[in-house]
> 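Let me give you the structure first, and then I'll get to my questions.
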Amino acid sequence: METKYIFVTGGVVSSLGKGVATASIGLLLKSYGLRVTLQKIDPYINVDPGTMNPYQHGEVFVTKDGAECDLDLGHYERFLNDSLARDNNITTGQIYYSVISKERRGEYLGKTVQVVPHITDEIKSRIMKLGTTNNIDVVVTEIGGTVGDIEGQPFLEAARQMRLDHGKQNTLYIHLTLVPFIKAAREFKTKPTQHSVRELRAIGIQPDVLLCRSDSWLTDDERKKISLFCNVPVEAVIDAVDVECIYEIPLMFHRQKLDQMILSNLGIDKKEPDLAEWELFVQRAKSPNKVVEIAICGKYVELRDAYKSIMEALYHAAVANDARLKVKWIDTDRIGDDVALENTFAYVNGILVPGGFGMRGVEGKIRVVKYARERKKPFFGICLGLQCMVIEYARNVCGMKGANSSEFDDATPHPVIDLLPEQKKIKNLGGTMRLGDYPCRLESKSLARKIYTKECIEERHRHRYEVNPKYIKPLQEKGLVFSGKSPNGKLMEIAEINNHPFFIGTQFHPEFTSRPLAPNPIFYRFIKASLQNI
Ligand code: GLN
């Protein structure tokens, strides 16, 4: 089968959930046994989001092969139940970087280098590369931003050209738009949708399918009106109403036959999807019998997107434990000496300290760790969370006054967390961390080994600092167990203590590999232990 290319664009406003819609389309097509991959285009000039503040961008998702990516890649992996890679996320920065480098090497043979065709050719080649390298049947490419944005134009132009190059039977345009309900008029308004489709058509793209975000179901008349004004068949006006759980979205699309329409437009002959497992997951997610409350103690708590994968991983683990997840957000910047943590955590079953950069909020995190360790509350530290565990242990159990990470205090007498020697030489900040999958060996009889039930695992990393090898022995002598290490034994990947129901930290980020149909084992066991802590 020739590779098919689907483009998902957005109109009216941002944050309509284009990423989840794209992921849902991917899952539906995959459920017919097709080989599907998903790609995100980010029209900003940064080469990747790795250097952006979480307040700007939300979480930075890390792929297996160590690319720092948009958080939509997380949705893609979770819905597809598959790992993606560097090429699945492209940015304006990468496109221009590569075109300008080619120009410097003289590869354009004296030509004037222009947006059309050179930038658009580069974009198209990166879309097609995904299809051809892995023998993929369908590539679904989501174009970030909203139609009408200046920086999105070259990408929309490239998408337009793709139909010219590959024909109607191999390309499909899906547009996600908003149909607001205006209370005063007690009516849905279709005008914003009409305008955004007109904008698309001005670029030369006639959408084949419209996904209409609305608070409640549109009537047939409203759908007919949208169909008429936007020149889209009425059965291709799909309603995307608000749902309780994002994992329901593919099922909602399926009930409206979106999948069948995509297949018939692309001339793919497939009969029945296999959505049984997914349906079961959604059913379980919607009717749990227990409740588990987890405190997430970080510093970007006002911006929930900063902890997207952690939230999802907790959710998957809660569903697997038949529990409804409640999250209590704790801003560690506000946890001073005077805060009574027993009140803060009175109704909380488990405590999680996530990753982070910079010293704001770190002392609060260290106080939280101390509380969880002493009061035997189930505790899970991720990346900076593990580093805080080590600092807390060094200060309060090993008596190393002033112990710290050299990231926060370069004059500390005990730099228990320090830069790796190879990180010390690096000057640039972009793409220079320890990134992506690394193997880890688990000590027999440890909690980590019980959790993963095997000796060797691989998980994803994103950090510069490590447990300082000089302090491993003194920490161990006082009871801190390093239960996961790099295969050469030099890097400490997991720490835990005995005589505690659940107290564990990982230098890696297990949240990136958790999927609804395959929750990450540490999250699963953390929730299980938390449920026992009532
Ligand atoms: N700032 C720490 C480091 O770079 C932790 C990073 C993180 O939590 N992702 O090592």
Side-chain angles (χ1 to χ4, degrees), residues 48-63 66-69 71 74 296-301 303 305-311 313 332-333 351-366 368-369 379-392 394 403-410 412 415-438 440 459-469 471 482 484 486 490-495 504-514 520 522:
D48 62 43
T51 53
M52 281 187 226
N53 185 310
Y55 287 117
Q56 293 275 310
H57 187 273
E59 163 188 288
V60 173
F61 187 81
V62 180
T63 54
E68 296 174 278
C69 289
L71 56 78
I296 300 186
C297 311
K299 68 168 170 176
Y300 312 111
V301 288
L303 183 82
D305 269 2
Y307 302 114
K308 193 90 212 166
S309 293
I310 290 183
M311 283 290 290
T332 51
D333 207 14
I351 299 175
L352 188 147
V353 173
F357 294 82
M359 69 175 298
R360 189 172 67 83
V362 166
E363 288 302 321
K365 287 181 181 164
I366 294 170
V368 167
V369 176
F379 174 86
F380 182 15
I382 298 177
C383 207
L384 179 60
L386 164 119
Q387 298 177 354
C388 288
M389 243 172 89
V390 173
I391 297 168
E392 193 276 328
N404 213 331
S405 161
S406 51
E407 180 180 2
F408 315 126
D409 176 6
D410 52 15
T412 167
V416 287
I417 305 292
D418 199 8
L419 276 183
L420 283 176
E422 53 266 43
Q423 286 288 345
K424 288 192 176 158
K425 292 176 243 145
I426 295 173
K427 297 264 174 324
N428 284 348
L429 287 185
T432 54
M433 281 186 259
R434 184 172 175 224
L435 290 164
D437 258 3
Y438 283 89
C440 169
E459 291 278 16
R460 300 182 197 174
H461 293 247
R462 180 172 187 253
H463 58 108
R464 286 203 170 78
Y465 292 79
E466 297 279 352
V467 177
N468 188 338
Y471 287 91
F482 291 108
S486 60
K490 295 220 164 104
L491 303 175
M492 301 303 107
E493 304 280 26
I494 307 182
I504 196 164
T506 61
Q507 189 58 81
F508 50 78
H509 290 266
E511 69 271 26
F512 293 142
T513 53
S514 182
N520 180 282
I522 304 200

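First listed ligand is number 1; within each ligand, the first listed atom is number 1. On a predicted model such as this, the values are computed, not experimentally measured, just so you know.
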> Whether the E459 and T506 side chains hold a donor-acceptor pair (N or O, under 3.5 Å, no angle test) is what I'd like checked.
no
> Checking the N or O distance criterion of under 3.5 Å, is ligand 1 in contact with G356?
yes
> For F379, which residues count as a ring-ring contact (aromatic ring centres under 6.0 Å, His included) partner, sequence neighbours excluded?
F503
> Any atoms of ligand 1 less than 4.0 Å from a non-hydrogen atom of G355? List them with their elements.
8 (O)
> Among all protein heavy atoms in this structure, tell me which lies nearest to atom 4 (O) of ligand 1, with the distance rounded to 0.1 Å.
R464 N, 3.0 Å
> Does a side-chain N-to-carboxylate-O contact under 4.0 Å join R434 and E493?
yes
> Between D418 (side chain only) and N468 (backbone N and O only), is there a donor and an acceptor less than 3.5 Å apart?
no
> Counting non-hydrogen protein atoms only, what is the nearest one to atom 10 (O) of ligand 1? Give residue, atom name and distance.
Y465 N, 2.8 Å
> Taking S514 for its side chain and N520 for its backbone only, find out whether a donor-acceptor pair lies under 3.5 Å.
yes
> Please work out whether any backbone atom (N, CA, C, O) or any side-chain heavy atom from C-beta onward of R462 is under 4.0 Å from ligand 1, and answer side chain, backbone, both or neither.
backbone
> Taking heavy atoms and a distance under 4.0 Å, where does Q387 meet ligand 1: side chain, backbone, both or neither?
side chain
> Which of the numbered atoms in ligand 1 are under 4.0 angstrom from any heavy atom belonging to E407?
1 (N), 2 (C), 3 (C)
> Going by the rule ring-ring contact (aromatic ring centres under 6.0 Å, His included), which residues pair with F408 if we only count those two or more places apart in sequence or in a different chain?
none
> Using every non-hydrogen atom in the two residues, find where T412 and N404 come nearest and quote the distance to one decimal.
OG1-N, 3.4 Å
> Taking distance alone, with no angle check, do F357 and ligand 1 share an N/O pair under 3.5 Å?
no
> In terms of relative ring orientation, are Y307 and Y300 parallel, tilted or perpendicular, with 30° and 60° separating the classes?
tilted
> Below 4.0 angstrom from a heavy atom of H509, which ligand 1 atoms are there? Numbered from 1 as shown, please.
9 (N)
> Just to be sure I read this right, does ligand 1 sit under 4.0 Å from the backbone of E466, its side chain, both, or neither, counting only heavy atoms?
neither
> Can you find an N or O of Q507 that's nearer than 3.5 Å to an N or O of ligand 1?
no
> Just to confirm my output: which protein heavy-atom neighbour is closest to atom 7 (C) of ligand 1, and how far is it?
C383 SG, 3.0 Å
